[in-house]
Amino acid sequence: MTSRPLAAAAAAVAGDPRAPAAEFSDPAAVLARLMDLHGSISLARELSLLDRPPAPSAPAATEGARAAVRALAADRLGELTAALDQLFSAPFQRRNKLPDAPAVLATLEQTGALVPPRGRGALASAAGQLWEPFGELVTRALNRVRQETRALREELAPSLRALGPAAARLERLDAAIASATQKRRERALGELVPGLSRCFARGFRAAVLALPEAVEIDHVAGWFGRDQWLGREVQRMELVVQAVLAHEAGRLLALVDGAAAGAPA
């Protein structure tokens, strides 16, 4: 189970890059944290089935078959990585429906966020409205990662099992662990977008309070630079998406490499 990328994602939304590292440093501890009682029972049942004598050996997998499985996984994951890189290389394209500087300024004015003393209620209302399209963007990206990696895992399963008894056993073990930890993994991943929302709101509040009394469009436009608060929040979203992709891709590639290495030549 790849855990360090998830530690990076958790750190990005926690605001302390060192805080979650210890929790994710031990794979056995991570596995224990991800399983509830039902998952533990389910995994024990699957493990007992894996201990049964293997079926008669099939013909040895060829090097071409092993290479084909590796290539399929690498190609599909490479396509997904390239698509997400393109998304975040120009996030403010019209198709992503993120607000531009005039739209942000209009929200500030409509919600009363610029009216002295720029109180918490108005700032919270403005932050919520502005976050909505950003939240939708990062949610779509995370859903795409999970859906495409899940589909690829299902597509790879028959080819992995065909590599031989050892590979088939490893594939079944991976599937059993994934099933036993699914609920807790979904819960952990489900906390990422709300965490990003809280970071966004904190950055927004600080940025608004730092504005001069008379706010012009240029002041708001400055937020969009990569080294400014809004640019940094978009980078934070990208970091989280990349971390989840690295986690899911790492699990898949480790499975493929393990199955291919264990297949008889």
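The basis for the numbers below is simple: all heavy atoms, side chains too, and nothing from hydrogens, waters or symmetry mates. Please read all numbers here as calculations on a predicted model, not as lab measurements. One is the number of the first residue; the rest follow in order along the sequence.
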Any idea which heavy atoms bring [X] and [Y] closest together, and the distance?
{"X": "T111", "Y": "A122", "answer": "O-CB, 3.6 Å"}
{"X": "A141", "Y": "V241", "answer": "CB-CG2, 3.9 Å"}
{"X": "F204", "Y": "L123", "answer": "CE2-O, 3.4 Å"}
{"X": "V193", "Y": "L142", "answer": "CG2-CD1, 3.7 Å"}
{"X": "A221", "Y": "A101", "answer": "CA-CB, 3.8 Å"}
{"X": "N96", "Y": "P91", "answer": "ND2-O, 2.9 Å"}

Report yes if some heavy atom in the side chain of [X] is under 4.5 Å from a heavy atom in the side chain of [Y]; otherwise report no.
{"X": "L255", "Y": "L156", "answer": "no"}
{"X": "P102", "Y": "I217", "answer": "yes"}
{"X": "E233", "Y": "R236", "answer": "yes"}
{"X": "L84", "Y": "Q242", "answer": "no"}
{"X": "L211", "Y": "R118", "answer": "yes"}
{"X": "F88", "Y": "M237", "answer": "yes"}
{"X": "E148", "Y": "E79", "answer": "no"}
{"X": "T107", "Y": "P99", "answer": "no"}

>> Would you compute the distance between atom CZ of R144 and atom OG1 of T139 and round it to the nearest 0.5 angstrom?
In response: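 These two atoms lie 15.0 Å from each other.
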>> Nearest 0.5 angstrom please: R76 CZ to T81 OG1, how far?
In response: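 That separation rounds to 13.5 Å.
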Please check: side-chain N/O of [X] versus main-chain N/O of [Y], any donor-acceptor pairing under 3.5 Å?
{"X": "S89", "Y": "Q86", "result": "yes"}
{"X": "T149", "Y": "R146", "result": "yes"}
{"X": "T181", "Y": "I177", "result": "yes"}
{"X": "S125", "Y": "G121", "result": "no"}

> Do W229 and F224 have ring centroids that are under 6.0 Å from one another?
Replying inline: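 No - the distance between ring centres of F224 and W229 does not fall below the 6.0 Å cut-off.
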Quick check on the hydrophobic clustering: are [X] and [Y] connected, directly or via other members, by side-chain heavy-atom contacts under 4.5 Å?
{"X": "L80", "Y": "V240", "answer": "yes"}
{"X": "L105", "Y": "F200", "answer": "yes"}
{"X": "L189", "Y": "L196", "answer": "yes"}

Can you tell whether the side chains of [X] and [Y] come within less than 4.0 Å, N to carboxylate O?
{"X": "R153", "Y": "E171", "value": "yes"}
{"X": "E186", "Y": "K183", "value": "no"}
{"X": "R150", "Y": "E248", "value": "no"}

>> Could you walk me through whether R202 and R205 satisfy the side chain to side chain contact (heavy atoms under 4.5 Å, CB included) test, starting with their C-alpha distance in whole Å, then the side-chain angles of each, then the deciding distance to 0.1 Å, before giving a yes or no?
In response: CA-CA 5 Å; R202 287 195 297 268; R205 183 174 186 275; 6.0 Å; no
> When the ring planes of F92 and F134 are compared, do they come out parallel, tilted or perpendicular, using 30° and 60° as the limits?
Replying inline: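 Judged by the thresholds at 30° and 60°, the geometry between F92 and F134 is perpendicular.
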>> Applying salt bridge (Lys or Arg N to Asp or Glu O under 4.0 Å) to R232 and D227, what does each step give before you reach the verdict?
In response: CA-CA 6 Å; R232 288 194 298 269; D227 60 342; over 6 Å; no
> Step by step, would you call L170 with D174 a side chain to side chain contact (heavy atoms under 4.5 Å, CB included)?
Replying inline: CA-CA 6 Å; L170 181 61; D174 177 79; 5.6 Å; no
